[in-house]
Amino acid sequence: RKDFKKIRKKEVDLKNGTSRLRHISLPRMVILNKNRNISERRQEPIIYPSWEEERFGLEDVRITSFEDGRYFITYATPHRGFGVNSHVLSTRNIKDLKNLERVTSDNTPHSEVEGKDVALFPEKVPSPSTTEIMQKGDPVYGSFIRPNGFPDIKTPGICISYAPDLVHWGQKHILTVSQNGEVTGTGSPPVKRPYGWLEAYHETTIEKGKTKYVTKLMALDLKEPWKILTLTPTFLDREDFRKILPDDGYVEEVVFTTGMIIDGDRTDFHSGIGDKWSVLASFYTEDVDKFVRTK
């Protein structure tokens, strides 16, 4: 404590001018039964830090079920020296997760994406342009990403980036989705629907000096996913869960959706509330489709 300058809710300021988070996030697994009730909580983390940039924790995990049977797990790593970046793991056994593999290439030991909120498309998408290694229209990997902020130029938002191998990302498209908020960011991996790609994302506003997160939905063109078809009003708000979670949590007024699963006539949205709880909200798929397609 002799090195502490100030202790705050989320971080500690040190006398040498640096700051430290008061926590380290490590993802754990919760098993749901067929009725979506919790049947098992596993206390052992499913991923441990393995590289220097991961030593301060692994956050904002997202899982994408890919068309070839693989599951991709993405997560963000906040680091005092490297900033916030994201990484990609793969497996074919989502129930076990003991044999996770790091996505690599011949000259890159593991996939690192500059930014956070990485959410992969569940199948390859057409390359938007021709480069030295990709031709326009070639099937390539696509991912939503929230780039790190650029001071005095642009606040963080949502981009779509493309890669031939899940390692070398580029050709970013900036999506203009903010309606009333200050900052937007990716939510869940997208889901393919007949009318387009369905994506949940978050938007923040400042109300009475406090940051508020809400979940909204958007539909994107199937062949040109950087083209926005529709944007919705607020879909999930912190007040929607006030009766079952009355406390403010670690961070107030936050709904952060990172998972969306369509199971027939039911669509499940998995979200974090107040950076303290994980919740599941279910809707009729037909109602979700109507909501996102209403202009």
Side-chain angles (χ1 to χ4, degrees), residues 60-68 70-76 83-88 90 103 111-150 153-179 181 183-204 215-232 235 256-260 292-293:
D60 297 343
V61 173
R62 293 169 171 83
I63 301 176
T64 299
S65 175
F66 203 67
E67 60 182 344
D68 62 2
R70 289 179 293 173
Y71 293 88
F72 293 118
I73 299 175
T74 62
Y75 58 91
V84 181
N85 293 298
S86 298
H87 308 269
V88 185
S90 70
V103 174
S111 179
E112 181 176 276
V113 186
E114 294 184 359
K116 62 183 304 186
D117 295 346
V118 171
L120 297 171
F121 282 77
E123 62 183 55
K124 290 186 175 181
V125 298
S127 171
S129 59
T130 297
T131 69
E132 293 182 358
I133 57 176
M134 294 185 293
Q135 296 294 316
K136 183 177 181 179
D138 284 351
V140 296
Y141 296 98
S143 177
F144 292 95
I145 180 176
R146 180 182 174 186
N148 293 325
F150 302 96
I153 299 178
K154 181 183 181 299
T155 57
I158 302 176
C159 290
I160 296 181
S161 191
Y162 309 87
D165 54 7
L166 288 167
V167 176
H168 301 95
W169 295 90
Q171 303 187 84
K172 291 186 179 68
H173 276 115
I174 299 174
L175 301 185
T176 304
V177 300
S178 181
Q179 300 176 68
V183 176
T184 56
T186 311
S188 65
V191 175
K192 192 174 186 179
R193 304 298 295 154
Y195 52 83
W197 290 108
L198 174 62
E199 162 70 7
Y201 69 99
H202 69 262
E203 183 174 277
T204 70
T215 291
K216 296 185 175 184
L217 304 177
M218 61 178 163
L220 303 169
D221 188 84
L222 289 176
K223 295 183 179 180
E224 298 177 308
W226 59 89
K227 291 185 177 180
I228 299 173
L229 302 179
T230 57
L231 298 170
T232 74
F235 180 67
F256 196 89
T257 300
T258 57
M260 176 173 53
V292 76
R293 296 178 70 184

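We use all heavy atoms of the structure for the numbers below, so side chains are in, but hydrogens, waters and symmetry mates are not.
When each of F144, F72, Y141 is checked for a ring pair (Phe, Tyr, Trp, His ring centres under 6.0 Å) with F121, only F144 meets the rule. Between H202 and the choices I158, V183, D117, T258, the side chain to side chain contact (heavy atoms under 4.5 Å, CB included) rule is met once, by D117.
Interatomic distance, OH of Y162 versus OG of S127, reported as 8.5 Å (0.5 Å rounding). From L217, atom CG reaches atom CZ of R293 across 14.0 Å, with rounding to the nearest 0.5 Å. Here the NZ atom belonging to K227 is positioned 12.5 Å from the CD1 atom belonging to I160, to the nearest 0.5 angstrom. Rounding to the nearest 0.5 angstrom, the gap separating the CD atom in E123 from the OG1 atom in T64 is 12.0 Å. For the atom pair CG of L220 and CZ of R193, the computed distance is 14.5 Å after rounding to the nearest 0.5 Å. Atom CG of L166 sits about 11.5 Å away from atom NE2 of H168, to the nearest 0.5 Å.
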Check the pair Y201, L231 against side chain to side chain contact (heavy atoms under 4.5 Å, CB included), reporting the backbone distance first and the verdict last. CA-CA 10 Å; Y201 69 99; L231 298 170; 3.9 Å; yes
Between R70 and D68, is a salt bridge (Lys or Arg N to Asp or Glu O under 4.0 Å) present by the stated rule, with each step listed? CA-CA 6 Å; R70 289 179 293 173; D68 62 2; 2.8 Å; yes
Please report the C-alpha distance between T186 and E199 in whole Å, then the side-chain angles of each, then the deciding distance to 0.1 Å, and finally whether the side chain to side chain contact (heavy atoms under 4.5 Å, CB included) criterion is met. CA-CA 8 Å; T186 311; E199 162 70 7; 3.3 Å; yes
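Judged as a salt bridge (Lys or Arg N to Asp or Glu O under 4.0 Å), not a single pair has a partner in residues 127-137 (not counting sequence neighbours).
I73 is not listed as a side-chain neighbour of V88, based on a closest heavy-atom distance of 4.5 Å or more. A 4.5 Å side-chain heavy-atom check between L198 and V292 finds at least one atom pair inside the cut-off. Between Y195 and D221 the shortest side-chain heavy-atom distance does not fall below 4.5 Å. Between S188 and R62 there is no side-chain heavy-atom pair separated by less than 4.5 Å. The shortest distance between side-chain heavy atoms of T74 and H87 does not fall below 4.5 Å. Looking at H173 and P128, their side chains come closer than 4.5 Å, going by heavy atoms from C-beta outward. Between K124 and E67 the shortest side-chain heavy-atom distance falls below 4.5 Å. In this structure, the side chains of M218 and L175 come closer than 4.5 Å at one or more pairs of heavy atoms.
When all heavy atoms of S161 and I145 are compared, the pair lying nearest together is CB-CG2, 4.2 Å. When all heavy atoms are compared, the tightest approach of P190 to L120 is CD-O, 3.5 Å. Summarising the geometry of W169 relative to G142, their closest heavy-atom pair is CZ3-C, 4.0 Å, with the distance given to 0.1 Å. Scanning both residues, L222 and W197, for their nearest heavy atoms gives O-NE1, 3.5 Å. Smallest separation of non-hydrogen atoms from V84 and A76: CG1-CB, 4.3 Å. The nearest pair of heavy atoms linking G187 to A119 is O-CB, 4.4 Å.
One side chain, S129 or Q171, offers a donor N or O that lies under 3.5 Å from an acceptor on the other.
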